[in-house]
Amino acid sequence: VVEKLLRAGFGDEECYLRAFFEHVFPHCDTLLSLDHGEIAAMATLIPCEIVQKGQETLPALYLYSLCTLPEYRGRGHARTILEEAGKRCERVFLHAANESLFAMYARLGWRPMMYARYVDMPPAIPQTEFQEMDGDEYFRIRELALKNAPHIRWNKNTCRFLHDMLSSYGGGLYAAYEAVIAVQEGEVAILGKARGSKNGSNMLRTLVEEKGGINFEKPFCLAYTGLS
């Protein structure tokens with residue numbers, strides 16, 4: 001029944017469904033709304049945490065895959081699920097599939113809190129290599145990169161789901177490694193590669209020390225790398 005709802009609501013393909021039922025469904029609560037004994041709507045509550053430096057880490061729920069079968073739409077099933085989700089946790093959020101849904105959620109008492117940012121990456125970036133990661137490595141690197149920033153901490157199962165879902169569509173999770181460049185005897189030299197993070201910063205500092213520091217009499221460019 002859950003698979004039928006997902007297909008009706010999002011037209012999901014087999015590869016997505018396999019990842020969902022392997023990494024998400026067994027580890028989360030799924031809310032169902034009934035209509036005369038028949039399942040009419042559903043949503044999955046993915047546990048996560050709101051992390052803010054110097055403050056208490058707060059439990060939260062991400063309301064995922066809210067959908068209603070076409071024959072039951074307009075009967076208040078989505079409202080019922082949203083209200084029940086609010087009883088499970090003080091902090092519940094979701095990602096509206098498109099802007100046309102903002103007004104609907106506003107009528108139900110929800111309000112915008114944050115926005116997703118999409119960036120188009122060029123097919124190639126000079127002096128940069130990309131290394132694919134699995135879900136566990138993505139979880140580790142993401143937490144390291146966002147250590148001092150307010151963020152949502154997803155659990156490893158959710159990161160594994162993201163990896164498998166992206167991979168099934170020909171994508172993936174990647175870390176960018178950029179060249180560490182210096183000037184040696186008047187010529188540009190690549191000393192090594194650093195990943196944007198505390199580890200990358202430490203590596204850059206070590207390499208600079210090994211080369212006897214930076215000669216600021218020569219043309220130079222100061223820059224930093226980071227993960228997002």
Side-chain angles (χ1 to χ4, degrees), residues 1-32 41-53 57-67 81 84-85 88-89 91-98 113-121 128-177 193-200 225-228:
V1 176
V2 171
E3 180 177 335
K4 179 182 177 181
L5 278 159
L6 290 173
R7 290 187 186 278
F10 307 103
D12 290 319
E13 301 177 4
E14 292 293 337
C15 51
Y16 163 83
L17 293 172
R18 285 197 301 270
F20 177 81
F21 284 113
E22 179 179 356
H23 299 300
V24 178
F25 190 73
H27 308 286
C28 304
D29 288 336
T30 295
L31 302 180
L32 303 174
M42 65 157 283
T44 299
L45 302 178
I46 298 179
C48 55
E49 295 176 317
I50 299 175
V51 180
Q52 301 180 81
K53 186 178 180 181
T57 297
L58 302 173
L61 291 173
Y62 175 54
L63 195 144
Y64 182 71
S65 66
L66 173 62
C67 54
I81 287 179
E84 178 60 29
R88 301 292 183 95
C89 183
R91 292 158 291 275
V92 182
F93 66 101
L94 55 80
H95 177 228
N98 54 68
M113 292 296 295
M114 50 189 151
Y115 293 86
R117 181 167 62 98
Y118 297 91
V119 179
D120 292 327
M121 298 290 291
T128 302
E129 293 181 7
F130 293 91
Q131 178 178 320
E132 188 171 6
M133 302 178 288
D134 60 19
D136 289 9
E137 179 69 358
Y138 175 70
F139 171 84
R140 187 186 69 81
I141 291 177
R142 185 176 185 273
E143 284 305 302
L144 179 64
L146 298 177
K147 181 179 180 180
N148 296 318
H151 66 282
I152 302 296
R153 176 186 291 155
W154 304 105
N155 59 44
K156 290 185 178 180
N157 286 319
T158 305
C159 293
R160 292 165 187 159
F161 165 62
L162 178 61
H163 170 268
D164 287 5
M165 180 179 64
L166 293 174
S167 297
S168 66
Y169 290 107
L173 299 170
Y174 296 88
Y177 291 81
K193 295 172 183 175
R195 182 170 63 204
S197 66
K198 182 178 179 181
N199 291 337
T225 62
L227 296 175
S228 60

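- Nearest heavy-atom pair, Cys89 versus Pro59, reported as atom, atom and distance to 0.1 Å: SG-O, 3.6 Å.
- Counting only N and O atoms by type, the side chains of Glu143 and His151 include a donor and acceptor under 3.5 Å apart.
- Interatomic distance, NZ of Lys53 versus CG of Asn148, reported as 4.0 Å (0.5 Å rounding).
- Scanning all heavy atoms of the two residues, the minimum distance from Leu5 to Cys67 falls at O-SG, 3.4 Å.
- Taking the centre of each ring, Tyr64 and Phe93 stay at or above the 6.0 Å mark.
- Here the side chains of Ile81 and Glu84 are not in contact, with every heavy-atom distance at 4.5 Å or above.
- For the residue pair Trp154 and Cys48, the shortest heavy atom distance occurs at CE3-CB, 3.9 Å.
- Put simply, the side chain of Val2 reaches to within 4.5 Å of the side chain of Phe25, judged on heavy atoms.
- For the pair Glu137 and Arg142, the minimum side-chain heavy-atom distance is 4.5 Å or more.
- The shortest non-hydrogen separation linking Arg153 to Phe139 is CG-CE1, 4.2 Å.
- Among all heavy-atom pairs drawn from Ala85 and Val92, the shortest one is O-CG2, 3.5 Å.
- Side chain to side chain, Thr158 and Asn155 meet the donor-acceptor criterion of an N or O pair below 3.5 Å.
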Point to revise | Criterion salt bridge (Lys or Arg N to Asp or Glu O under 4.0 Å) on Asp134 and Arg160, from CA distance to verdict | key: CA-CA 7 Å; Asp134 60 19; Arg160 292 165 187 159; over 6 Å; no
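- In this structure, Gly135 and Leu173 approach most closely via the heavy-atom pair CA-CD1, 4.4 Å.
- Taking CG from Leu6 and OG from Ser65, the interatomic distance works out to 5.5 Å, rounded to the nearest 0.5 Å.
- Proximity of Arg88 to Asp29: side-chain heavy atoms (C-beta onward) are separated by under 4.5 Å at one or more points.
- Remark: Arg18 does not engage Glu22 in a salt bridge, criterion side-chain N to carboxylate O under 4.0 Å.
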